[in-house]
Structures are given as C-alpha cells and as structure tokens.
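Read the numbers this way: they start at 1 and go in the same order the structure lists the ligands and their atoms.
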Amino acid sequence: MVALASLLSIVVFVVSPYIVQGTTIRALNPDNARLLRFSATHTEWISNTALEYLLEQRHQYLPGSRETVGFVHTSSVNVDGLRNANKALLDGISDEAIRALAGREGFKVGYIDITETYDGTTNHDEAKTNEASRAALPYSAVDPTAHPDYKALAAMVSAQELRNIVGNLSTTFPTRYYRSTNARAPSLWIQSYMSKFTNVSATLFENTFNQPNVISTLTPPGTSNTTPIILLGGHLDSTSQSPSTKAPGADDDASGTAVALHVLSILAKSGWAYTKSKYPIVTHAYAGEEGGLLGSAALAKSYKSAGRSIRGMLNLEMVGWQPETTGSSTITVLTDPNADMSNYMLNVIKAYVPTASVRSTKCGYGCSDHYSFSDAGYPVVCIASYGPNDANLNPNYHRTSDTLDKLNFDRMADFARATLAWIVQVAS
Ligand SMILES: *[C@@H]1O[C@H](CO)[C@@H](O)[C@H](O)[C@H]1NC(C)=O
Ligand SMILES: *[C@@H]1O[C@H](CO)[C@@H](O)[C@H](O)[C@H]1NC(C)=O
Ligand SMILES: [Zn+2]
C-alpha cells in the first residue's frame, strides 16, 4: 500500500522534471533510479548504475586499520576526477551527491532513500519539524530519586546476554545486507528472540526488498491506539566491501539492535512495561538502513499516515566499539536533529549512569534511522559510542573486519542502562 501510493505520486512527478531552489530533480524512472534526500533542501534522482558505482568508490575512503583513521577523516572525494573518469555516468549529478555517496562526509553515507516514501515535498521543512518536536517534549525533570524502580531494572542488565545477541547476529548469518539472498533470515531470528518473552508478540513489517522490519509492542493496560508510543531500536542490516557474501556488522549495528532487544526483555520480564509505564513501548529492528534508511523511512511514514503520536524515539547506533575510555564507558549523544531531545538524554545519562564519560557531537543529515522519524516530524535522539568525525570512530565499520571480538560488552552494558533510564523518565 505504502509503496503503491508513493510510486503513483512519483510517476506523476517524473513526467515533468524541474528544478526548485536548492533541489535538483532529473527525469529518471523509478525502475532504474532512486530518489535520495541529502539534506532538508536537497533531493535528487540518482540512476542505479551511478549509485552502485559511487558506493563502490566509498570503500577506498574507508579506513583499513585504526592507524589510518586520521588520514580518512581528512580525506575528501576528488569529484572532478570521478567526473572525468565517468562523464556519461555522472552527468547531471550534483557535486554534493557525489561527495555524500562516494566519500566520507560523515558517519554514514548521509542520505535518505525516499523513492518509496516520497510524499510530494522536495523541500523538507526541518524548522517546522523541530518546532513540532519541541512542543511534544512534556517529559518530567530528570530525577533518579523520583524513579527508585530504575535500580532493579539496571540490575537486570547482562553484558553476557548482549554478547549472545551480537554473537548470534554477527556469526550465524554471513551477511545481513538487505539485498543479499538470505536478507530475511536475521529478521526472522529477531522476531523469534522477541517472541520468547511472556506477553510479547513480534510482527514483521514488509519492505519492498526481502528484509522486513521487526516490531514488538509492550502494551500496558488502560492504553489504546491513540495513546502516544515510545520507540526504541537499532538497525538489523549490515554492509561491507563485499556485502553480498560477508558483512558481520557486529558493531554496525548488531550492537545497537542487541541493546534494544535486551532492554525489551528486561521491561517485559520485570513486568515494568505493564505495571509502571503509562505508554506502550515499541521496539523496532530496522531493515535496509545501509540502503538509505529504507526500513525506518517506510515505518515512519506508516505511523504518520495512521496519525500515530510518538512521545519519543531513541535510536542506538554502533555502541560496542570502546577501545579506551576515561569512565566506565564512553557514550556520545548526537546533537542533531532535535537539540532538546539530545540535551534531555545528556542529562539522563549524567544523572543515572554517572560513571560513564558522556559527550556529544553532530551527526549530520541522514546518518541513521532517527532521521527518518525526524523527517516525519517526530521527536528523536540517537546515542552511539562515537560520532561522525571522532578519531575513535570504529575503523572496522562497513568492513568484513567489523567482528564480535573487537567489542567491549561491559562498556556496551552502560548503553542498556542509559536506555532504561531514558524509558523510566519518559514513560512513567
Ligand atoms: C546465541 O545465543 C545463545 C543464548 O540465547 C547462546 O547460548 C549462544 O552462545 C549464542 N551464539 C553465539 C554464536 O554467540
Ligand atoms: C501481561 O500483560 C497484562 C496486561 O497487558 C498484564 O496485566 C500482565 O501482568 C502481563 N503479564 C506478565 C507476566 O508480565
Ligand atoms: Zn553502517
């Protein structure tokens, strides 16, 4: 339904290509091209062949070892060189798109693929989105003494269970790439993991590719489908320089998914979600994030079209790489796109996980799934070990070397504590 409706609008749309301020739209067919949003004011069609070529180039800008990180962070894409080598293929594609797709302009590729979720607006009004989310921040003051029930939840956090989940996701499936032959298998594993807990049912949300999102909802008594929901999640897919055959994605993002699943199990097993929460708590595992936030864009669109109100969305992205820290862990809160949400999360972590070394940095447009929900007008926040331009960003990310043995699960456990603290504050 979602795909059909948006496909129709695209078909109508591409009949007359035009340029609006800051936005280039070229006449390409949705069958052989993708509509990508690079920023609030920049949306552009890229042919599939150009897209594949540019994404391949990206790997030469990725680090192979920790020592090369400094180099990678200062390198930039030679746009003219790429253009000269591939005149016909890159003709009409903007410099910004080439840099974002081929290079290392931030944490991730930094775009949202809106081919299937396109709503007819090329310019996304971020100011309006931020205003809406500010208005929607009715959280109580951060105060651990008002939430003594947090302690029992935090005591249930298990580094070993986080290791089990990351171990299963990163070794049972040679790859979780969203376009690989077995792209569906990790979604089914997550569905069965979620379904182990009493009262928890997990459903699949199908995408246009063969990897569904997975959703589980903890519904307290007395709530209805007009009650605002609280979202937490991470992306289940992975990628690498050989994505169809090998992409363990232990840190990116089995780690974030593991924290979300573990927190879900604690909220269910303790009964907290049914006895203390005033809001349904929904856990998502997002598919196709590496394809341009595909699964989360489809989900966000479906909540928006259903008129569903979301009290807050927390995204967990690459939370396992912790080679060194001055505290019990390093937790980085991304400052954008919703400054209020980020500040609130910073305060939550400082108050509830005081041993962690907490910091913040900018994410940049479209770095992970919270941007899909922000684009749909919802209040979002994302936590990670490190941000886009940090020298300590995991050098194995998007590599076949992103494996379990390189992660620190004791430090990762602090992310589960921070997530539980945020839930206790915003849900009760
Ligand atoms: C998968 O999880 C189970 C516990 O649920 C654990 O016993 C097993 O060791 C895990 N597998 C891997 C490869 O980590
Ligand atoms: C299951 O959910 C119901 C209502 O939603 C709740 O009353 C009950 O306590 C839950 N059971 C468990 C074991 O948490
Ligand atoms: Zn990634």
Per-atom contacts, ligand 1 versus Thr171 - under 4.0 Å to a heavy atom: 13 (C)
Ligand-side contact atoms (ligand 1) for residue partner Gly167, heavy atom cut-off under 4.0 Å: 12 (C), 13 (C), 14 (O)
Among Asp251, Val157, Val259, the one residue meeting side-chain contact (heavy atoms from CB on, under 4.5 Å) with Met412: Val259
I need the nearest protein heavy-atom contact for [atom]: residue, atom name and distance, please.
atom                    : result
atom 5 (O) of ligand 1  : Lys196 NZ, 4.3 Å
atom 10 (C) of ligand 1 : Asn168 ND2, 2.6 Å
atom 9 (O) of ligand 1  : Asn164 OD1, 4.1 Å

Close aromatic pair by centroid cut-off 6.0 Å: Tyr365 and Phe38: no
Close side-chain approach of Leu101 and Tyr111, heavy atoms under 4.5 Å: yes
Run the side-chain donor-acceptor check on residues 417-428: report pairs under 3.5 Å with partners two or more places apart or on a different chain.
{"residue": "Arg417", "atom": "NH1", "partner": "Asp414", "partner atom": "OD1", "Å": "2.7"}
{"residue": "Thr419", "atom": "OG1", "partner": "Phe415", "partner atom": "O", "Å": "2.7"}
{"residue": "Gln425", "atom": "OE1", "partner": "Asp143", "partner atom": "N", "Å": "2.9"}
{"residue": "Gln425", "atom": "OE1", "partner": "Tyr352", "partner atom": "OH", "Å": "2.7"}
{"residue": "Gln425", "atom": "NE2", "partner": "Ser140", "partner atom": "O", "Å": "3.4"}
{"residue": "Gln425", "atom": "NE2", "partner": "Ala141", "partner atom": "O", "Å": "3.1"}
{"residue": "Gln425", "atom": "NE2", "partner": "Tyr344", "partner atom": "OH", "Å": "2.9"}
{"residue": "Ser428", "atom": "OG", "partner": "His147", "partner atom": "ND1", "Å": "3.4"}
{"residue": "Ser428", "atom": "OG", "partner": "Val424", "partner atom": "O", "Å": "2.6"}

Any donor-acceptor N or O pair under 3.5 Å, side chains Asn207, Tyr286: no
Test item: protein heavy atom less than 4.0 Å from atom 2 (O) of ligand 1: yes
Within-cut-off N or O pair, Arg163 and ligand 1, under 3.5 Å: no
Of all pairs that satisfy salt bridge (Lys or Arg N to Asp or Glu O under 4.0 Å), the ones with a partner from residues 145-165, not counting sequence neighbours: none
